[in-house]
Amino acid sequence: MSEKIMGGVEITESGLPAKVGMWPKVKAFLFQEIKVELTPAQQQFQNDLNDFLHIELTWQDFHDFLFQEIHFGKKKNK
């Protein structure tokens, strides 16, 4: 159908320019390909963060956290 969109002008198969509407410009901008390359340290951080965010918690884990023993002050030696 069309080859390129340059400066608001679309080049059709017949080689004739055609004016491009607003939606093709928006669509071309929103759906452009994005490539992200991470350093090994950034990749490790992303993996660790992903693992942390996807930890499976059970009701027992939540209960144990809420009802853990808490001690205030210094520990006295007897």
Side-chain angles (χ1 to χ4, degrees):
M1 183 175 202
S2 64
E3 295 176 11
K4 291 184 179 179
I5 298 177
M6 299 182 91
V9 176
E10 180 178 7
I11 307 300
T12 61
E13 290 177 0
S14 63
L16 299 174
K19 189 171 182 181
V20 178
M22 183 66 169
W23 175 244
K25 290 180 189 178
V26 171
K27 192 168 74 170
F29 176 74
L30 290 177
F31 299 112
Q32 62 186 327
E33 186 176 336
I34 298 173
K35 185 175 183 182
V36 177
E37 294 182 16
L38 300 175
T39 65
Q42 290 171 330
Q43 185 65 45
Q44 182 64 37
F45 177 78
Q46 182 188 18
N47 292 343
D48 292 343
L49 182 63
N50 193 32
D51 292 342
F52 174 75
L53 292 176
H54 291 92
I55 292 175
E56 258 189 58
L57 294 176
T58 62
W59 171 249
Q60 188 62 43
D61 296 332
F62 186 65
H63 179 271
D64 292 345
F65 175 75
L66 289 178
F67 296 101
Q68 62 186 330
E69 284 190 37
I70 299 175
H71 302 284
F72 294 101
K74 293 182 179 178
K75 219 177 193 185
K76 294 182 180 179
N77 293 332
K78 291 185 179 180

| remark: When rounded to the nearest 0.5 Å, the distance separating CD of Gln42 from CG of Asn47 is 12.0 Å
| field | Cluster link Leu66 to Ile55, ILVMFWY, side chain under 4.5 Å | value | no
| Connected via hydrophobic side-chain network under 4.5 Å: Met22 and Phe31 | yes
| said: Walk me through whether Gln44 and Asp48 qualify under side-chain hydrogen bond (donor to acceptor under 3.5 Å, both in side chains). | reply: CA-CA 6 Å; Gln44 182 64 37; Asp48 292 343; 3.0 Å; yes
| query | Taking all atoms of both residues into account, what is the closest heavy-atom pair of Asp61 and Glu56, and its distance? | reply | OD2-O, 4.2 Å
| task | Establish whether Leu38 and Ile34 are linked, either directly or via other cluster members, by ILVMFWY side-chain heavy-atom contacts under 4.5 Å. | result | yes
| task | Hey, could you give me the CG/CH2 distance between Asp64 and Trp59, rounded to the nearest 0.5 Å? | result | 10.5 Å
| Check: Val26 and Phe29 side chains under 4.5 Å, non-hydrogen atoms | no
| Spacing of Ile70 atom CD1 and Phe67 atom CZ [to the nearest 0.5 Å] | 11.0 Å
